[in-house]
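FYI, side chains are in, hydrogens and waters are out, and symmetry mates aren't considered; it's all heavy atoms of this structure. A note on names: the letters A, B, ... follow the listed sequences, proteins ahead of strands, and every chain is numbered from 1.
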Amino acid sequence: MSEPIREESKTSVSFIEQFIQEDIRNGKNEGRIHTRFPPEPNGYLHIGHAKAICMDFGMAQKYGGKCNLRFDDTNPTKEDVEYVDSIKEDIRWLGFDWEEREFYASDYFGRLFEFAVDLIKKDLAYVDDQPAEVISQQKGTPSQPGEESPYRKRTVKENLDLFFRMNQGEFEEGSRVLRAKIDMTSPNMHMRDPIIYRIIKIPHHRTGRYWNVYPMYDFAHGQSDYFEGVTHSLCTLEFEVHRPLYDWFIDQLKTGDYKPRQIEFNRLNLTYTMMSKRKLLELVREGRVNGWDDPRMPTLCGLRRRGYTPESIRRFVDLIGYTKVEAINDVSLLEHAVREDLNTKAPRVFGVLNPLKIIISNYPKDLVENVEVINNPEDESMGSRQVPFSREVYIEQDDFMENPPAKFFRLAPGTEVRLKGAYIIKCESFSKDEVGNITEVFCTYDPATKSGGHMSDKKVKGTLHWVSARQAVDAEIRLYDRLFSHEDPAGQKDEDYRKFLNPDSLRILSGCKLEPLLASAKPLEKFQFQRVGYFCVDYDSTPEKPVFNRTVQLKDTWSKVNKA
RNA sequence: UGCUCUGUGGUGUAAUUGGCAACACGUCUGACUCUGGAUCAGAAAAGUUCAGGUUCGAGCCCUGACAGAGCAACCA
């Protein structure tokens with residue numbers, strides 16, 4: 001027998017990978033492959049970042065290179081150590097390792113400052129004393145060229161003096177900036193004398209009050225790549241127009257042949273999902289969700305708590321691919337990826353969400369039997385377990401119908417069904433309360449039909465999952481639905497997205513009945529409740545009060561029966 | 001009105017670099033019933049934004065339109 005074709009060999013090679021292969025072929029940068037993942041520590045990582053992480057670390061892995069983790073911490077007004085820690089945890093959880101290469105743009109503040117001084121000396125940078133609005137006005141518009149600042153012709157000596165004094169804290173925030181001297185008439189706005197240093201007096205989370213000037217993104221990113229020996233700087237599409245500036249700075253800086261290269265790819269967008277860090281922060285602050293790790297959030301910690309596996313997220317990223325098209329990916333593909341993964345990993349267990357009591361009138365009152373049930377029919381190695389069975393059991397409310405339609409194979413007056421792993425029972429009668437709700441169903445069982453017994457091959461139309469009433473564990477189950485009811489909340493006008501919030505995104509069911517072994521389930525353990533869906537034990541679960549989050553629903557094909 | 005990028009079934013991606021447009025998700029059929037909402041079998045669905053050109057042959061090359069996105073933070 002030949003080995004099945006490896007998943008990897010079926011996947012096509014992205015345009016980025018083609019560039020990388022070409023660079024290796026040409027012996028560029030001695031054939032080294034070195035990437036980096038550069039988050040700004042101003043929020044939690046979400047599934048969009050997972051796409052970048054998989055690319056950055058994935059390419060290094062595949063081509064025997066390295067991938068650095070670098071925190072892009074050039075703006076102390078927005079950043080915090082809280083985020084640094086969560087980012088590291090989430091990358092590890094996803095399954096990637098930066099080894100000892102944990103870097104910070106702030107590590108390079110000294111060298112960047114020197115480089116800026118260098119540019120000043122070469123008359124390629126100057127201090128501008130104008131206020132922000134004036135500088136912005138002089139920049140022109142995308143269709144109209146800008147005009148030069150009156151300070152553009154300052155002498156090198158004066159620029160040097162002012163820049164040092166800016167850093168000594170002599171001037172107020174906003175009073176002066178350092179700009180690169182490039183071309184105010186360039187068709188590319190980013191080349192119109194970009195601001196490269198600004199005064200900020202808020203302490204930095206790592207360097208404290210040491211600096212009073214901080215480099216802008218464009219002045220830090222490429223250079224940091226260069227300092228670290230990065231060869232391929234992969235980022236998202238919106239940085240495409242920054243590339244000439246990226247190259248300009250590195251050309252001023254580089255001394256040998258080595259040069260990093262920026263390549264852009266498309267961002268991950270998901271239907272019904274909002275990925276803007278700023279807006280996610282708003283949802284947290286306004287209390288519309290219960291924190292960054294609320295299972296409805298698209299954050300990695302939210303998905304983790306919801307029961308998504310790192311494998312399923314990596315698989316999803318692999319499925320959607322990397323291109324330059326602004327795509328909106330269907331969440332159903334992500335859901336498919338989790339089902340696919342969990343289907344093989346999550347043991348099947350009995351859990352009844354909406355219990356209906358069955359009383360088996362001819363079953364001995366005090367008898368408790370243990371019946372054996374397979375843990376995963378797709379994987380024998382997962383073994384089996386014992387489940388207690390007794391005279392009173394719960395089944396799912398919608399597994400019983402008083403007036404069943406055609407093709408309803410479950411329990412109804414006069415019909416027989418098998419209780420999975422146990423006996424065939426027959427419905428004899430049922431009782432209702434004043435308002436007409438069915439309260440109890442009375443059945444009889446046939447002792448000869450026990451699973452594995454001599455009459456066990458008797459045919460019945462349906463099989464139901466159940467939980468023994470006396471031994472059942474009462475649990476709380478949280479059903480999560482999509483946070484937004486609009487397919488593209490992120491595409492809406494800034495403040496509009498709130499009106500697409502789905503009021504039913506969280507439903508809490510209490511009094512759910514589970515089989516006893518689930519009382520000792522550990523947080524983050526995953527199960528498939530037979531016929532109901534995939535569930536994950538929540539962090540705040542206790543043996544006294546187990547709490548389960550629904551990871552994802554099974555595909556609902558049984559509803560066809562109800563429609564008929 | 002400028003510059004940069006992008007247009008392939010409903011969605012996301014392929015197409016050995018010029019050779020019968022393929023795969024996945026989704027949708028719809030059907031089979032299977034000691035639960036597996038799994039699995040299996042099948043179907044519908046694009047002629048590649050449009051118009052020219054080169055070629056025996058174009059999704060791919062050329063020209064010109066059209067459409068969408070990004071760019072005017074002392075954010076990243």
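- Stacking of A/R36 on the aromatic ring of A/F103 is not recorded, the 6.0 Å distance cut-off and the 45° axial limit not both being met.
- Distances shown here put a side-chain N or O of A/N266 below 4.0 Å from the OP1 or OP2 atom of B/U13.
- Applying the 4.0 Å criterion to OP1 and OP2 of B/G36, one finds that A/K420 has a side-chain N or O inside that range.
- Look at the C1' atom in both B/A43 and B/G26: the space between them is 14 Å, to the nearest Å.
- Closest approach to the A/N329 side chain among B/G12, B/C75, B/A76 is made by B/G12 (side chain taken as heavy atoms from C-beta onward).
- Every residue two or more places apart in sequence or in another chain that forms a side-chain contact (heavy atoms from CB on, under 4.5 Å) with A/Q168 is listed here: A/F164, A/R165.
- Spacing between atom CD1 of A/I328 and atom P of B/G7 amounts to 16 Å, rounded to whole angstrom units.
- Here A/L237 lies out of heavy-atom contact (under 4.0 Å) with every strand.
- Below 30°, between 30° and 60°, or above 60°: for A/Y214 and A/H204 the angle between ring planes is below 30°, a parallel geometry.
- Remark: the separation of the P atoms in B/U27 and B/U8 is 23 Å, to the nearest Å.
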Every protein N/O lying under 3.5 Å from an N/O of nucleotides 39-50 of chain B:
none

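- Here B/U4 is the nucleotide among B/U13, B/A73, B/U4 with the atom lying nearest to any side-chain atom of A/V241.
- Counting only Watson-Crick or G-U wobble pairs whose defining distances are both under 3.5 Å, the stems of 3 or more consecutive pairs in RNA chain B are B:2-7 with B:66-71, B:10-13 with B:22-25, B:27-31 with B:39-43, B:49-53 with B:61-65.
- Separation of the P atoms belonging to B/A22 and B/U54 is 29 Å when rounded to the nearest angstrom.
- Ion pairing between a basic and an acidic side chain is recognised when a charged N comes within 4.0 Å of a carboxylate O; A/R243 and A/E264 show such pairing.
- At a threshold of 4.0 angstrom between heavy atoms, the contacts of A/V325 are confined to the sugar-phosphate backbone, with no base atom among them.
- Nucleic acid contact for A/G174: base, since at least one base atom lies under 4.0 Å from a heavy atom of the residue.
- Nucleotides B/U4 and B/G9 have their P atoms positioned 27 Å apart, rounded to a whole Å.
- A/R192 pairs by the salt bridge (charged side-chain N to carboxylate O under 4.0 Å, His left out) definition with nothing, not counting sequence neighbours.
- A/Q530 places its CD atom 17 Å from the P atom of B/U33, with the value rounded to the nearest Å.
- Every side-chain hydrogen bond (donor to acceptor under 3.5 Å, both in side chains) that A/Y126 has, sequence neighbours left out, goes to A/D193.
- Applying the side-chain hydrogen bond (donor to acceptor under 3.5 Å, both in side chains) rule to A/K426 yields no partners; only residues at least two apart in sequence or on another chain are considered.
- Taking only side-chain nitrogens and oxygens, A/S136 comes nearer than 4.0 Å to OP1 or OP2 of B/A73.
- In this structure, A/F15 and A/F19 have perpendicular ring planes: the angle between them is above 60°, well past the 30° mark.
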### Query
When you check every protein heavy atom under 4.0 Å of nucleotides 19-27 of chain B, what one-letter string (B, S, -) results, 5' to 3'?
------SS-

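- Judged purely by distance below 3.5 Å, without hydrogens or angles, the side chains of A/N266 and A/T323 pair a donor atom with an acceptor atom.
- A/E372 comes within 4.0 angstrom of no nucleic acid atom, judged by non-hydrogen atoms across all strands.
- Only the C1' atoms considered, B/G10 is 26 Å distant from B/G70, to the nearest whole Å.
- Distance, A/E326 CD to B/G68 P: 13 Å, rounded to whole Å.
- Scanning for side-chain contact (heavy atoms from CB on, under 4.5 Å) contacts around A/P150 gives A/Q130, A/Q138, with sequence neighbours left out.
- Remark: side-chain polar atoms of A/T273 are paired, donor with acceptor, to backbone N or O of A/T271 under 3.5 angstrom.
- A 4.5 Å side-chain heavy-atom check between A/N329 and A/L334 finds every atom pair outside the cut-off.
- In this structure, CG of A/N75 is placed 5 Å from P of B/A76, rounded to the nearest angstrom.
- The distance between atom CE of A/M184 and atom P of B/G2, rounded to the nearest whole Å, is 20 Å.
- Nucleotides of RNA chain B nearest to A/F15 and A/D128 differ in position, and the one nearer the 5' end is that of A/F15.
- If you take CZ of A/F239 and C1' of B/A73, they are 12 Å apart, rounded to a whole angstrom.
- The same atom, C1', is picked in B/C60 and in B/C75; the two are 40 Å apart, to the nearest Å.
- A/F529 pairs in a ring-ring contact (aromatic ring centres under 6.0 Å, His included) with only one of the listed residues (A/F548, A/Y534, A/F350), which is A/F548.
- With sequence neighbours left out, the salt bridge (charged side-chain N to carboxylate O under 4.0 Å, His left out) criterion links A/E228 to A/R70.
- B/U49 and B/U6 have their P atoms separated by 14 Å, with the value rounded to a whole Å.
- The side chain of A/T74 contributes no N or O atom lying less than 4.0 Å from OP1 or OP2 of B/C75.
- Rounded to an integer number of Å, the gap from CZ of A/R348 to C1' of B/A38 is 7 Å.
- Across the C1' atoms, B/A46 and B/G59 are found 11 Å apart, a figure rounded to whole Å.
- RNA chain B lies under 4.0 Å from at least one heavy atom of each of the following residues of residues 189-199 of chain A: A/M189, A/H190, A/I195, A/R198.
- Between the CD atom of A/E40 and the C1' atom of B/A76 there is a distance of 5 Å, given to the nearest Å.
- Annotation: salt bridge (charged side-chain N to carboxylate O under 4.0 Å, His left out) contacts of A/E515 (sequence neighbours excluded): A/R385.
- The ring-ring contact (aromatic ring centres under 6.0 Å, His included) test applied to A/F163 returns A/F113, A/Y197, not counting sequence neighbours.
- Nearer the 5' end of RNA chain B, as judged by each residue's closest nucleotide, is the contact made by A/F529, out of A/F529 and A/T141.
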